[in-house]
Amino acid sequence: MNPALARFSLAAVRAFIRRFPDARGVSRLRKFIEQHVLSSLPPDMRVTVTTADGRRFEENVHEPWFFMLMMMSRRDPAETALLSKLIDGGDTVIDIGANYGWYATWLARLVGPTGQVHAFEPTPTTMALLRRNCAENHFDDRIVFNPVGLSNAPGKATIHVPRQHGGASLKPHYDEPTTLFEITLTTLDDYISRNAIGKVRLIKIDVEGCELAVIQGAGKLLSTPHPPMWLMEVSRLTSKAFGYTSEELLESLMRYGYHICRILESPRGKLAKLEDPKSCDVVENVLCYHESDRGRVAGLIVG
């Protein structure tokens, strides 16, 4: 495909998907662009994505992390909608595994100028990307950037970073080469104590299998009368690499009085109780809320 036709095809498909993101055939259109158009675009071509809520992300069209955002102009619509119902202006929230900043920038908007987002991203290259995107959206004044990882004990570790930034993990589980970085680890309890952080409304966590270790390093926080809600990725593949199951991960929070909910695509931003941790999908985002937050969450639960 010649470059001019490739540019036209990309623009046309992006315009269609942006207007009809849930239409039939969208996944086939994305695959067509990925397989037949990307290779014909200039290697230095950059695209700016403006999301429906007005945030901006700019990147080279060939960056793997950027492809889905470029095509859809959105990410995790159900989770994004849910957060808008749970977070208030002035809240303090934590984003563990902030990646390029989809959640960090959205949370920063929700907490407003009087709130604060504590973002953790230990990979140097991804942290630079996170800072750039937060600055582009003028939210960097309400985000605390932490270039460290969280676990169950302080120390050092090696993180494996594939080309797809979002897959960085302390335990490699890839069929592709990775770049290695030595990173510093701390615990959530130590961080909160050292920085005199008060009530935390919500923690978003996506750390490719290290979720259980992060929770184990937050015992003091979880034992407070009003511990935070957790928006968490549960993955059987990444959990297995760390030697535990998805059920063990969810049960570790249930022992502290948490309830687990699936996040629904329809009606978008609503919740359904997950009665049996074993029924969790292979990869699924869930909301974990403490009994003390029952009133805040009750109106969102259907069924």
Handout entry: Positive for side chain to side chain contact (heavy atoms under 4.5 Å, CB included) with Leu274, one of Leu250, Asp281, Leu287
Key = Leu250
Practice task
Have a look at Arg55 and tell me which of Asn137, Thr105, Thr50, Asn133 forms a side-chain hydrogen bond (donor to acceptor under 3.5 Å, both in side chains) with it.
Solution key: Thr105
Practice task
Using atom types as modelled and distance alone, determine if a side-chain donor or acceptor of Asp189 lies under 3.5 Å from a backbone N or O of Gly219.
Solution key: yes
Practice task
For residues Leu150 and Thr187, report the shortest heavy-atom separation together with the two atoms involved.
Solution key: CD2-C, 3.7 Å
Practice task
Would you confirm whether Thr80, through its side chain, and Arg75, through its main-chain N or O, come within 3.5 Å as a donor-acceptor pair?
Solution key: yes
Problem - Basic-acidic side-chain contact under 4.0 Å: Lys31, Glu34 - result: no
Handout entry: Contacts of Asp76 that satisfy side chain to side chain donor-acceptor pair (under 3.5 Å) - sequence neighbours left out
Key = Tyr103
Handout entry: Residues forming a side chain to side chain donor-acceptor pair (under 3.5 Å) with Lys278, sequence neighbours excluded
Key = none
Practice task
Report the distance from atom CG of Leu110 to atom OG of Ser84, rounding to the nearest 0.5 Å.
Solution key: 6.5 Å
Handout entry: Minimal non-hydrogen separation, Ala6 against Met1, with atom names
Key = CA-SD, 3.5 Å
Practice task
Please confirm whether the backbone N or O of Ser246 pairs with a side-chain atom of Glu248, one donor and one acceptor, at under 3.5 Å?
Solution key: no
Handout entry: Enclosure of Arg56 CZ (heavy-atom neighbours >12, cutoff 6.0 Å)
Key = no
Exercise for the section: Give a yes or no on whether Val302 and Tyr289 share a hydrophobic cluster (residues Ile, Leu, Val, Met, Phe, Trp, Tyr; joining criterion: side-chain heavy atoms under 4.5 Å apart). Expected result: no
Problem - Any Leu180 side-chain heavy atom under 4.5 Å of His160 side chain - result: yes
Handout entry: Side-chain donor-acceptor contact under 3.5 Å, Asp53 with Thr51
Key = yes
Practice task
Please check if the side chain of Thr123 supplies one atom and the backbone of Thr126 the other of a donor-acceptor pair under 3.5 Å.
Solution key: no
Completion exercise
Here the gap from Glu251 atom CD to Leu212 atom CG, rounded to the nearest 0.5 Å, amounts to 11.0 Å
Exercise for the section: Mark yes when over 12 heavy atoms from residues, nucleotides or ligands other than Arg194 sit less than 6.0 Å from its CZ; otherwise mark no. Expected result: yes
Handout entry: Close side-chain approach of Ser40 and Asn2, heavy atoms under 4.5 Å
Key = no
Handout entry: Close side-chain approach of Leu249 and Tyr244, heavy atoms under 4.5 Å
Key = yes
Exercise for the section: For the pair His226 (side chain) and Lys199 (backbone), establish whether a donor and an acceptor sit closer than 3.5 Å, ignoring hydrogens and angles. Expected result: no
Exercise for the section: Determine whether Val283 and Leu253 fall in the same hydrophobic cluster, where Ile, Leu, Val, Met, Phe, Trp and Tyr are linked whenever their side-chain heavy atoms lie under 4.5 Å apart. Expected result: no
Handout entry: Ionic contact status for Arg236 with Glu247, cut-off 4.0 Å
Key = yes
Problem - Expected output: side-chain Gln35 to main-chain Phe32 donor-acceptor under 3.5 Å - result: no
Problem - Non-hydrogen side-chain atoms of Cys210 and Ser151 separated by less than 4.5 Å - result: yes
Handout entry: Short side-chain to backbone donor-acceptor contact, Asn60 and Pro43, under 3.5 Å
Key = yes
Problem - Donor-acceptor contact below 3.5 Å, side chain Glu233 vs main chain Asp206 - result: no
Handout entry: Aromatic centroids of His118 and Tyr191 separated by under 6.0 Å
Key = yes
Exercise for the section: For residues Leu130 and Asn99, determine if any side-chain heavy atom of one lies less than 4.5 Å from a side-chain heavy atom of the other. Expected result: no
Exercise for the section: With the side chain counted from C-beta on, respond yes when Val47 and Glu58 share a heavy-atom pair under 4.5 Å apart, and no when they do not. Expected result: no
Practice task
List for me each residue that meets side chain to side chain donor-acceptor pair (under 3.5 Å) alongside Asp91, sequence neighbours excluded, and say none if there are none.
Solution key: Arg201
Problem - Lys/Arg N to Asp/Glu carboxylate O, Arg296 vs Asp88, below 4.0 Å - result: yes
Practice task
Run the salt-bridge test on Arg132 and Asp140 with the 4.0 Å N-O cut-off and return the result as yes or no.
Solution key: no
Exercise for the section: Say whether, by atom type as modelled, one donor and one acceptor occur between the side chain of Ser193 and the main chain of Asp190 under 3.5 angstrom. Expected result: no
Practice task
Flag the pair Glu275 and Arg262 as a salt bridge only when some basic side-chain nitrogen lies within less than 4.0 angstrom of an acidic carboxylate oxygen.
Solution key: no
Practice task
Evaluate the criterion salt bridge (Lys or Arg N to Asp or Glu O under 4.0 Å) for residue pair Arg268 and Asp22; output intermediate values, then yes/no.
Solution key: CA-CA 12 Å; Arg268 183 163 290 164; Asp22 300 310; 3.7 Å; yes
Practice task
Evaluate the side-chain proximity of Trp230 to Leu202: yes if any heavy-atom separation is below 4.5 Å, no if none is.
Solution key: no
Problem - Side-chain (Ser169) to main-chain (Lys171) donor-acceptor, under 3.5 angstrom - result: yes
Problem - No-hydrogen, no-angle side-chain donor-acceptor test under 3.5 Å, Thr184 and Lys156 - result: yes
Handout entry: Hphob cluster co-occupancy, Leu264 + Val234, side-chain heavy atoms under 4.5 angstrom
Key = no
Handout entry: Six-ring centre of Trp102, Arg74 cation under 6.0 angstrom, axis tolerance 45°
Key = no
Exercise for the section: Report yes if the side chains of Val13 and Leu10 come closer than 4.5 Å at any heavy-atom pair, otherwise no. Expected result: no
